[in-house]
**Q** 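Attaching a single structure in structure tokens format; questions to follow.
One-based numbering along the sequence shown.
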Amino acid sequence: MEPLGTRTPGPGRVPLLVLLGMSVVLLAARHCGGAAVPVPGDSFVVPNETVAYVKGRLELSLTAAHPAGAAASSLALSGCFLPPEPAPSTAGVLQLLGSYAEGLCGVRVQPVAQGHSGTWALRAEFKDFPNYTTSATAEVTVKDFSDVILPDKPSLTEGGEGFALGMQLMDGGLTLSDCVVTPPGGSGVALAPAAPAGRLQYDSGEAGAGLAQGRCAVRVEGVQVRDHGQWILEATVAATGVVRRAATLVHVYELPVFVSPSSVTAELGETAVMKLVFASGRATATRWTGCQVLTPGGALLQLSGSGPRKDAQAVQSDGVVRLAGEEGAECGVQVGPLTGEQADAGGRKWTIVGELDGAERAAAARLFVKVPYKPTGVVSDPLPLGTRNLELRCGPAGAVSCELRDPGGALAASFAGPCVHKLERTRTSHNGTWTCSALLPGYSEPVEDTFVLSLVEPVRVLTAVTARAEDGGVVLQCRLAGARACPSALAYCRLDSPTGERHLLKEGVRVPAERRVWYAGAGLGRCDCSAAIRGPLLPSDLGVWRCLLGAPGSPVPRGALITLTGAAAGTRGARAAADADAGLVAVRNPPDGVVAPGGAATVGCRAPRPLSYCWLRTPRGELLAVSASGGGGGLPYHGLGLEVGECGVRIPSAVPANHSGTWRCGVGTEGNGGVNFDQEVPVDIVVSATQFVPLAANVSSGPGHAATLGCRSILSDALQYCRFRRPDGVSVHLADAGVSTAGQAGSGSGSGSRYRFLDGDGRGLAEGFCRLAISSVAEEDYGQWTCAARFAGDAVGRERTASVMLESDGLASAGLVGGVAAAAVLLLAAASFVGYRRCRPRLGLRRSPSMSPSETSDTPISPGSPLASVVGSRNTRASARLAAAALPSTRLPARLRGAGAGAGARAAGETIALEALPRPRPRNSPAAAAPEDSSGSEDHVDAFPASNRKRQ
């Protein structure tokens, strides 16, 4: 250790830290003016703990404890010592405070460095007490910045106009001698109000303050990416030379760059231009100090300036790659004129590298070079005239817009996108070359292309009848005709006779002598299904023959109808089916038209001639247009085709609410000529979950009249037995019916049974029918009957039941009520007439000389008269008629007057029977059976007439 101030620090020596302050004891002795008073306690340094700032000032002083009994003259120090650490090796930093003679031991440090942070120890020795020393320590913390900068941590965007930073001194009223700013990654720049203009300038603020007013601020022109980071401002106080420091962090948002356009599509001979641009506008002008391009081949070419990347090659003066735009103001590249060497369907990557404000900015783009478009010139396969929903495609699929012209040159359609045109039906005007003009990405001019549509005569079935001279027979010719009518051999040929016999024709087979029908065509490979019929012709040969040509993989064959008549032999064409006597017949499956819920069924009709169209109307009234290709109403088509006169649909899952009831099948046939109406035929379908139903759910009959009750199996299952249970519980078994013994199932009169079971006529137990005839209905017969039966094959004891309601028809009661009503009306009419005659003079009525007696009675009825109450009330029809008979000329409403003179000529005592209103039949009740008497009836439709059952 060495005494402070006794030596001048030489080169390479460590100067002592400056001790601050004065000894408290010395100061007390000076103020008291007497001998030194010993200081009790320990020595200490003032301040004991302190904070200093880099490039600032630090002062420390030792307050020493003196030895006891020391005089004032003995307060002088012989030395002030400081350990060599933590003093940094900086000359001229330490300075003595006070003097040894006055007993002062202190130190000053200026400027402060980070190495001055730590523990300081001061030791003093007294001159008069060589063996006495005292010491103390202090803690010093050194920080970088003493003040702050406003604004604090500003956020800026690259390319902005600029920003200002100002130091905020913690204590005001200071005069500064200088102001220095240190930008991020740079060195300090001195600022002064009169300094030359540059990017970093002294900012005087709105008040125009300078260093003398204690202002240290900087104005930065134009925001750059390199401005991001820590900025430092330093100001020196003129009076003390102390440096005040402050710092802040500036955030600069870097604008992204990209190449515009990011994708270039050019044609051969054109020049592509690509430039670096910012995602958003900059407030200041952009100045590129260097611009380079990295080619798809990996070569780095210097377009302008220098940098930012090294080892860039110079651009060839005669090359196709050169700078685009003004040098420095823009950084871009132009490539062209383009040749086949640059052509690449997948696009090539070009990277542009620029240097801006000392930073590298780079982005890439792709260059697509298009070769001239080559027209495809598509030629379609031959298609038949009338082809439906044909999709016509012309030109490139990647077109952004397209115009299509038909073979006549007229504009057919204009599209936003490729040329895809749909023809609902091909016509002769569509046959030929279609032209399309399309705009493609990357092509400046429209490209032209063509589509050749080849239309031919539609495929049809040709028929004819040729006589066979050798035996009097005929050849029924049936073959496909038209372009591409036979792309492959037929799978089969089928010929159906007028009687329903089906013949599968085979070629290459020797015909036996007993066979009358055989194949006589040119081969299935030529789609010829002609057949020969051996003569002489039989009556069963005459009529409509059906020719079916089955194609591979097609569920519905092509077909035609050939009518064979008894005309003289010779070659003649196939005549229209209208020449045949057969008409439209209903077709259904199951044949009886009864199907369980969820079961499958078919419904339709068949005509003996080709159909132009056909339709079905469901029981709900929905109209279904039927076609062989699509069915109708969501139901698939069923049949052999409209060409052979078959129209129908298949019901995959029958639903009672939708499918049960009467369907109507209507057709329009070909070749009728003139104006014709559609032919229609009803087709009944019953969808029922139960298999045993009443023939009629409600039966009406009067007392003493006959009635018939009945039930049936809807699937015509045979019945083992059946019985009827009367409303009072009495059961009438089949064995009991017809018993003449009194008291058994009879009326109890002994005159024979009133009940008789009906059998025979194809509607007996074997056919699933159970019918009970009542010869004379009695009072106990009215009510709900139960029909029970056991089906053949069911277990013993298992019965199926159905209910039948027998009701009175009301004829007798109606007659009684009518008689009473008639009598009442007569009495009222007589009383009204007498009253009228008596009151007439009193009312002052006078007969006009020109009026006849009959005309006098035509006076309107008074509303208060008894007759008016009869007429105005809602009485029975018989009462109204009676009133009209009593007063034939009275003005009654038209609905109550009699019809003509006959109505008014009835006798007053004539009994008029009331007409009972018919009881409505329940909507879902099946049709009633046709009874042997007049009590009920059944509408049973035979879908297959007897004349056609064999062929069905």
**Q** My understanding is that only residues two or more places apart in sequence, or in another chain, count here; which of them pass side-chain hydrogen bond (donor to acceptor under 3.5 Å, both in side chains) with Asp528?
**A**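 Checked Asp528 against side-chain hydrogen bond (donor to acceptor under 3.5 Å, both in side chains); matches are Ser530.
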**Q** Partners of Arg516 by side-chain contact (heavy atoms from CB on, under 4.5 Å), sequence neighbours excluded?
**A**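 With sequence neighbours excluded, Arg516 shows a side-chain contact (heavy atoms from CB on, under 4.5 Å) to Ile533, Arg534, Leu538, Asp541, given in chain and number order.
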**Q** How about Cys402 and Cys394: are their SG atoms under 2.5 Å apart?
**A**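 The sulfur gammas are not closer than 2.5 Å, so no.
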**Q** Can you list everything that forms a disulfide (SG to SG under 2.5 Å) with Cys614? Sequence neighbours excluded, please.
**A** Cys647
**Q** Between Leu455 and His430, does a side chain to side chain contact (heavy atoms under 4.5 Å, CB included) hold up when you go through it step by step?
**A** CA-CA 8 Å; Leu455 299 177; His430 298 152; 4.0 Å; yes
**Q** Quick check: does any side chain N or O of Arg588 sit under 3.5 Å from a backbone N or O of Asp684, one acting as donor and the other as acceptor?
**A**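 A pair under 3.5 Å: yes.
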**Q** Does the pair Gln477 and Thr463 meet the rule for a side-chain hydrogen bond (donor to acceptor under 3.5 Å, both in side chains), with working shown?
**A** CA-CA 5 Å; Gln477 297 182 5; Thr463 60; over 6 Å; no
**Q** Less than 2.5 angstrom apart at the SG atoms, yes or no, for Cys436 and Cys419?
**A**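 In this structure, Cys436 and Cys419 share no disulfide.
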**Q** Just jot down the side-chain hydrogen bond (donor to acceptor under 3.5 Å, both in side chains) partners of Arg388, sequence neighbours excluded, or say none.
**A**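 side-chain hydrogen bond (donor to acceptor under 3.5 Å, both in side chains) list for Arg388, sorted by chain: empty.
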**Q** SG-SG distance between Cys711 and Cys770 under 2.5 Å?
**A**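 Answer is no, sulfur atoms not closer than 2.5 Å.
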**Q** Sequence neighbours excluded, which residues qualify as side-chain contact (heavy atoms from CB on, under 4.5 Å) partners of Ser688?
**A** Val686, Thr690, Val693, Ile714
**Q** Check whether NZ of the Lys or CZ of the Arg Arg712 lies under 6.0 Å from the centre of the six-membered ring of Phe692 and within 45 degrees of that ring's axis.
**A** no
**Q** Evaluate the criterion side chain to side chain contact (heavy atoms under 4.5 Å, CB included) for residue pair Phe415 and Glu403; output intermediate values, then yes/no.
**A** CA-CA 6 Å; Phe415 308 91; Glu403 289 185 353; over 6 Å; no
**Q** Parallel, tilted or perpendicular, judged at 30° and 60°: which one describes the rings of Trp434 and His421?
**A**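 Judged by the thresholds at 30° and 60°, the geometry between Trp434 and His421 is tilted.
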**Q** Under the side-chain hydrogen bond (donor to acceptor under 3.5 Å, both in side chains) rule, collect the residues that match up with Ser414, sequence neighbours excluded.
**A**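 In terms of side-chain hydrogen bond (donor to acceptor under 3.5 Å, both in side chains), with neighbours along the sequence ignored, Ser414 is linked to no residue.
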**Q** May I ask you to say whether Arg606 pairs ionically with Glu646, meaning some side-chain N is under 4.0 Å from a carboxylate O?
**A**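 Yes.
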**Q** Parallel, tilted or perpendicular for His659 and Trp663, by the 30°/60° rule?
**A**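 Plane angle under 30°, so parallel.
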**Q** Heavy-atom count check: over 12 atoms from other residues, nucleotides or ligands less than 6.0 Å from Arg393 CZ?
**A** no
**Q** Hey, is CZ on Arg479 packed in by over 12 heavy atoms from elsewhere, all under 6.0 Å?
**A** no
